[in-house]
Amino acid sequence: MAGLPPSFIQEVRNRTSIVSVVAQSVKLKRRGNEYWGCCPFHHEKTPSFSVSDERDYYHCFGCGAHGNVFEFIQHTMGMSFLEAVEYLARQAGMDIPRATAQDYERERKKNGIYEALETACKFFEGQLQKPVGRQGLYYLQRRGLSEEIIKRFRLGFSAPGNALKAHLIREGFNEETLVESGLIMKPDNGESSYDYFRNRVMFPIADKRGKVIAFGGRVLDNGEPKYLNSPDTPVFSKGDNLYALHLSGEQARKMQEIIVVEGYMDVIAMAAAGITRAVAPLGTAMTERQIQLLWRYAPEPLCCFDGDGAGQRAATRAADRVLPLLKPGYSLRFITLPDDLDPDEYIKEHGKSSFENFLQTQNRPLFKQLWQMLLVNRSLDTPERKAKLGKDIEECLEKIKDPAVKNFYRQEFKTALWEITSPYQNKNKEKHTYSSFGKRPFSEKINHPSLYAERDETRMLLAYLMLYPDVGSDFSEDLAEWNTPSEYQNEMLHILVDVLATDPDMTADRLKEYLQSTARSEFYDFLSAEIEMVNRKNPLPQEARSNIALLIRGMRRKALRSEIHSLAEKIAVADENEAKELWEKYQNLLKEEKELA
């Protein structure tokens with residue numbers, strides 16, 4: 001029988017679900033991320049036969065039988081290896097090619113590239129421990145990495161000059177293989193080839209089996225780019241792989257959660273703290289193929305990006321990219337670290353337990369991320385602007401291909417849109433939203449404080465100041481002379497304003513410690529409902545700033561209305577001279593109120 005191209009065999013394996021194949025002859029039940037049934041290779045009553053799509057593997061804990069999907073077909077159907085491949089290819093609807101001499105030559109070259117990359121990795125590891133790599137080792141040690149972590153991630157150093165090229169040539173690799181592997185560059189002008197990575201800390205990139213397929217290198221001076229990745233090669237494509245997936249899969253499968261962070265050092269810092277389920281894209285925005293890969297480990301991967309502009313742009317791109325791929329049960333979740341910290345900085349400042357707690361309590365679903373993206377820096381004070389928001393929502397919905405998912409998103413958007421375009425005035429007023437079919441509004445009693453309710457504006461402002469003190473400090477001057485109708489709330493406001501004016505960079509955790517140390521922890525009990533509401537909204541810092549400004553403006557308008565009403569009563573009983581003076585003041589207040597509208 002003629003052979004098959006190795007690339008075709010791998011494609012058949014990639015397209016085939018071993019769980020689906022085994023389920024054709026074995027009754028399986030899901031337990032966590034694996035499926036279990038009675039072994040087809042020996043008689044048993046208690047299931048001990050495990051099958052996993054993520055590992056493309058079966059194993060019987062009773063008789064020890066194990067293997068991949070091809071081996072399962074061979075053993076259960078009495079086929080040869082090539083017959084098993086062809087059988088599964090036909091099931092996947094694939095045309096069956098025949099291997100050519102070019103196919104085998106291509107596979108031979110790939111094996112040579114793998115060998116060159118592994119040899120380069122060992123060379124970089126050795127260089128890190130030599131005097132030439134002292135600068136790189138110091139960098140890693142300053143970042144708090146232990147010797148064990150450095151070894152686990154196989155970190156290394158690329159020296160200046162062409163040390164790697166010289167070493168690999170001595171090891172017997174030809175220049176063509178080194179160029180194809182992305183380890184050296186060959187100029188178009190005919191000059192000599194040279195090392196692609198120079199004077200950088202090296203981060204090996206491996207496939208999910210742990211085989212080195214590329215590198216990332218971080219410069220140690222002010223050179224650009226700061227991070228340099230291998231070019232695409234016959235064994236590496238940036239959009240098809242994720243950094244450290246081979247080290248993160250076990251904990252991800254166990255916890256049914258995988259975390260996507262921005263960079264290599266974020267992954268490594270989390271692993272050093274014992275959080276070994278993080279991966280990172282390879283210098284590009286997340287691709288559709290990477291999202292599909294993440295879903296093999298968890299149905300809702302958690303995107304944990306920095307709070308700075310670059311991090312939020314990455315979150316926006318990921319949210320937009322996943323929309324066409326959404327299907328029932330599979331999505332993304334998002335979390336933004338406070339104070340523009342990255343995971344490494346957050347863990348160093350607050351510790352692993354606080355970071356894990358933050359991940360579990362502060363993450364938000366894709367819908368909330370999309371809603372925040374749609375509302376950021378947007379005013380809804382005219383019908384035309386509201387209509388533009390509606391148009392943008394429709395454009396977002398059009399990207400969702402799955403009809404069931406699209407229908408539920410449409411309902412969520414309608415409800416959210418109704419809430420913000422029809423603000424209610426107090427918590428006992430009826431709120432209009434949309435029925436589960438999105439056809440007609442129905443009424444529902446509000447049983448929690450509203451951001452827009454006049455009677456709750458001060459309480460909501462206090463809650464924002466306690467949860468976002470660094471943002472609230474920008475308004476210290478506006479609030480310094482403010483007085484509220486409630487004596488207790490007035491005391492709270494002035495205490496918070498004094499603290500924030502003294503320390504504009506105050507964090508929520510440090511503020512809580514201060515209030516507890518000064519016997520004012522009851523503030524949190526008093527505002528528990530408002531704090532819970534803000535936490536549920538989980539606004540980005542810029543949104544918190546907008547909401548605080550909105551609340552202050554609302555409180556100012558309320559105070560002006562009260563003063564205007566009082567002046568109107570005085571004008572009605574004043575004599576002519578006094579009324580004239582009061583009328584001028586009355587008109588000024590009306591003008592000020594109009595400007596705040």
Side-chain angles (χ1 to χ4, degrees), residues 32-33 143-144 149 242-245 247-281 286 290-291 293-308 310-319 322 329-373 467-468 470 507-510 512 531-541 543-544:
N33 215 38
R143 297 296 298 264
I149 286 292
L242 291 160
Y243 180 67
L245 186 61
L247 297 174
S248 305
E250 182 178 353
Q251 190 179 89
R253 283 190 291 264
K254 189 174 183 179
M255 296 186 65
Q256 281 285 280
E257 179 181 81
I258 191 163
I259 305 166
V260 185
V261 293
E262 288 186 54
Y264 305 140
M265 283 304 302
D266 294 327
V267 173
I268 295 171
M270 290 170 69
I275 304 170
T276 59
R277 60 188 185 280
V279 296
M286 277 175 56
Q290 288 172 331
I291 293 171
L293 185 58
L294 289 165
W295 280 345
R296 294 186 183 181
Y297 294 83
E300 293 188 7
L302 178 58
C303 298
C304 178
F305 298 132
D306 304 350
D308 59 13
Q312 292 314 296
R313 286 191 294 274
T316 297
R317 288 193 294 266
V322 76
Y330 289 84
S331 186
L332 295 176
R333 298 186 73 83
F334 294 82
I335 192 164
T336 303
L337 296 177
D339 304 321
D340 290 349
L341 297 177
D342 60 32
D344 185 12
E345 293 166 336
Y346 188 99
I347 291 171
K348 284 183 170 64
E349 186 171 328
H350 301 285
K352 175 192 174 185
S353 297
S354 176
F355 184 74
E356 285 278 25
N357 181 66
F358 192 88
L359 291 178
Q360 302 308 315
T361 61
Q362 301 299 316
N363 68 78
R364 56 190 177 274
L366 174 63
F367 172 77
K368 190 163 188 177
Q369 177 67 24
L370 291 170
W371 191 235
Q372 289 181 350
M373 287 161 48
L467 294 175
Y468 294 86
D470 55 336
T507 65
D509 288 340
R510 287 197 286 118
K512 190 169 188 177
I531 289 173
E532 180 184 356
M533 183 180 177
V534 176
N535 278 330
R536 282 205 307 270
K537 290 178 177 293
N538 194 22
L540 298 172
E543 293 174 302

So does Gln362 get a backbone contact from the side chain of Asn538, meaning a donor-acceptor N/O pair under 3.5 Å? yes
Heavy-atom closest contact (Ile347 atom, Phe355 atom, distance): CG1-CG, 3.8 Å
Indicate the ring-plane relationship of Tyr346 and His350, choosing parallel, tilted or perpendicular according to the 30° and 60° boundaries. tilted
Do Trp371 side-chain atoms and Leu366 backbone N/O form a donor-acceptor pair below 3.5 Å? no
Got a donor-acceptor contact below 3.5 angstrom from the Lys348 side chain to the Arg143 backbone? yes
Contact summary for Ala318 and Leu332, nearest pair of heavy atoms: O-CD1, 3.8 Å
Looking at every non-hydrogen atom in both residues, tell me the closest pair between Gly329 and Pro299 and how far apart they are. O-CB, 3.3 Å
Flag, side chain of Asn357 to backbone of Ser353, donor-acceptor distance under 3.5 Å: no
Please name the pair of heavy atoms, one in Asp342 and one in Leu337, separated by the smallest distance, quoted to 0.1 Å. C-CD1, 3.5 Å
Would a 4.5 Å heavy-atom cut-off, applied to side chains only, mark Gln369 and Cys303 as touching? no
Would you name the heavy atoms of Ala278 and Val267 that are closest together and state the gap between them? O-CG1, 3.5 Å
Supply the atom-to-atom distance Phe334 CZ to Thr316 OG1, rounded to the nearest 0.5 angstrom. 8.5 Å
First locate atom CZ of Arg364, then atom CG of Leu370, and finally report the distance between them rounded to the nearest 0.5 Å. 10.5 Å
Should Asp266 and Tyr243 count as side-chain neighbours, where that means a heavy-atom distance under 4.5 Å? no
Are any non-hydrogen side-chain atoms of Ile258 and Leu245 less than 4.5 angstrom apart? yes
Stepwise side chain to side chain contact (heavy atoms under 4.5 Å, CB included) test for Val279 and Gln290: CA-CA 11 Å; Val279 296; Gln290 288 172 331; over 6 Å; no
Rounded to the nearest 0.5 Å, what separation is found between the CG atom of Leu359 and the CD1 atom of Ile259? 5.0 Å
Verify side chain to side chain contact (heavy atoms under 4.5 Å, CB included) between Thr276 and Leu247, making sure each step is shown before the conclusion. CA-CA 7 Å; Thr276 59; Leu247 297 174; over 6 Å; no
4.5 Å side-chain heavy-atom contact, Tyr297 and Ser248: no
Spatial distance of atom CG (Asn363) from atom CD (Glu257) [nearest 0.5 Å]: 7.5 Å
If you take all heavy atoms of Gly311 and Phe305, which pair is closest and at what distance? O-CB, 3.5 Å
Are Glu356 and Arg277 close enough for a salt bridge, meaning some N to O gap below 4.0 Å? yes
